[in-house]
Amino acid sequence: MSKYMLIMRADDQGVATYEELPFDQVIEAMGRYNESMMQAGVLLAGEGLSDASEGFVVDFSGEKPLVTDGPYGETKELFNGFWIIEVASKEEAAEWASRAPLGPGAYLEVRRVHDESDFPQDNEWIQKEFGWREEQAAKAGQAAQS
Amino acid sequence: MTDATGERRVDEESARRSVVAVWRIESARIVATLTKVVGDFGLAEDLAQDALVDALAQWPVEGVPRNPGAWLTSVAKRKAIDGWRRRERYDDRLAAIAHDLEAEQQRQTDAPPWDPDEIGDDVLRLVFIACHPVLSREAQVALTLRVVGGLTTEEIAKAFLVPTSTVQQRIVRAKQALADAGVGFEAPARDEFAQRLGTVLGVLYLIFNEGYAASSGDEWMRPELSREALRLGRTVVALVPREPEAHALVALMELTAARFPARLDRDGHPVLLADQDRTRWDRSAITRGRAALARADAIGRGRGAYALQAAIAEQHDLAASVDDTDWQAIVAIYDGLVSLTPSPVVELNRAVAVAMASGPGAGLELVDALADDKRLRLSHLLPSVRGELLARLGRDDEARAEFELAAQRAENARERAVLLAKAAARR
């Protein structure tokens with residue numbers, strides 16, 4: 001089995017369509033979609049992102065990274081949320097993605113999540129990355145216990 | 001490689017995989033719905049399989065229908081009606097059912113495929129049928145993987161290293177046994193619910209373990225089978241969210257599966273817990289497992305056997321090394337497990353934990369007390385643990401003899417090789 005990330009994007013039209021729908025209806029449709037993936041045992045994680053006005057951009061084009069409020073340059077589509085699912089095949093990921101309750105102007109980009117077998121295990125930076133992740137997990141664990 | 005035939009083959013293969021994907025997603029709901037409609041699980045399963053055969057023939061040519069679950073269900077229902085007509089058992093009652101089905105098919109085109117509130121109960125009934133106590137363990141496993149998991153007979157056969165015909169036979173006999181026992185499409189009564197749920201969880205854990213530590217064959221583990229069990233565990237949790245042991249089983253499977261990436265070396269040889277590269281453990285699986293255990297605890301009905309085992313796995317997963325492991329905590333959890341589910345295997349594992357907490361001598365005393373237990377007499381576990389403890393005490397000759405005995409009894413080829421290597425290292 002492999003993990004896939006379903007990344008939700010929408011252009012201006014998509015955002016407009018979404019905003020016209022009654023909020024309850026949106027919540028219910030998403031709730032049903034999420035529930036169907038939970039019942040199938042494939043959903044590992046998922047989050048929605050808040051409005052882009054609350055976010056910002058860090059631009060690395062210049063000498064120093066530049067933090068700006070946006071606008072998001074030439075970007076015509078914004079990321080709005082994601083799901084991570086664990087499924088048996090690319091086709092199964094495609095099947096789940098195509099069931100998302102989204103409309104015109106919305107897109108799901110589906111990407112396979114790397115698993116550790118994709119990396120050379122003896123690379124020292126890969127090892128450091130694992131070590132760093134372990135520290136984070138340990139901290140998260142302590143936080144959860146306190 | 002890009003000639004027209006080649007491309008078509010690729011397209012057909014991709015379309016076939018799409019059908020299989022839809023089947024994995026929909027089969028439980030389809031079989032559950034059909035069982036409810038036709039009132040006979042065996043017939044419902046046959047009809048669903050026939051509809052799948054139609055899909056495999058048609059979808060690669062005509063494309064996947066807009067609502068594949070409804071398509072498969074409609075086709076299966078039509079087959080039910082045709083079958084009744086053909087067998088001239090088309091009495092008034094069946095005529096009425098057929099009329100309803102046909103009317104329903106008209107409406108179905110626009111309707112949303114499933115109402116999760118309603119279908120959830122039907123799928124749960126299906127899970128209980130697949131794990132019904134009148135069935136043998138093997139039959140429960142095969143039926144669960146096939147009707148709840150949506151695996152093909154070939155996939156199940158491959159996972160359990162048995163011929164496809166064997167799995168087919170198990171399923172045919174299982175359906176017969178359910179029919180003979182007059183098992184209906186209903187959830188277990190309140191007074192037997194806990195026991196029946198226990199059977200369901202037991203079947204899933206058996207599937208998980210078969211993948212985790214393959215009991216026979218050349219492969220040390222078949223992680224895809226374990227992941228399938230984990231997926232089905234999540235399904236059961238979604239169906240019975242108020243059952244702590246369902247959450248706890250998912251926690252146990254997540255916390256165990258988290259170590260899969262470190263369990264084999266580059267050559268496919270097993271790596272024991274003590275020697276595993278813990279940086280390779282799957283941290284997000286550990287997080288999910290701990291969250292599942294917390295959900296089990298939050299229900300507030302105390303810890304059952306799966307929760308205690310999950311808590312032991314959690315202790316291992318959180319430790320940076322063997323030495324860093326809180327062995328006293330693990331011994332304490334084993335104490336709980338021994339009193340809840342007394343078994344020589346649990347006692348043996350507890351002895352290992354005691355050896356880690358208080359030294360190999362203390363562990364060996366407990367192991368020796370189990371030496372006469374009939375249930376361990378044929379298992380490789382006791383000599384294997386005994387050999388380990390003797391080796392740590394420097395009693396090499398005795399350790400070697402124990403490892404050799406354990407190797408004789410081990411049924412898994414790779415496990416046997418590890419034990420023989422340990423014996424050889426004591427020469």
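Note that these values count all heavy atoms, side chains included, but never hydrogens, waters or copies made by symmetry. Protein chains get the first letters and strands the later ones, always in sequence-line order, with residue 1 at the start of each.
- Note that OG1 of B:Thr287 and CG of A:Leu44 are 11.5 Å apart. Values are rounded to the nearest 0.5 Å.
- At least one side-chain heavy atom of A:Arg99 sits less than 4.5 Å from a side-chain heavy atom of B:Pro68.
- Side-chain contact between B:Arg29 and A:Ser36 is present, with heavy atoms from C-beta onward closer than 4.5 Å.
- At a heavy-atom cut-off of under 4.5 Å, chain B is reached by A:Ser89, A:Glu91, A:Glu92, A:Glu95, A:Trp96 from residues 89-98 of chain A, listed in order of number.
- By a heavy-atom distance cut of under 4.5 Å, B:Arg231, B:Arg234, B:Thr235, B:Ala238, B:Leu239 are the residues of residues 231-240 of chain B near chain A, going up by number.
- Other residues, nucleotides and ligands contribute only 12 or fewer heavy atoms inside 6.0 Å of the CG atom of A:Asp12.
- With a 4.5 angstrom heavy-atom cutoff, B:Arg24 touches chain A only via side-chain atoms.
- In this structure, CG in B:Leu124 is found 9.5 Å from CD in A:Gln39, a value given to the nearest 0.5 Å.
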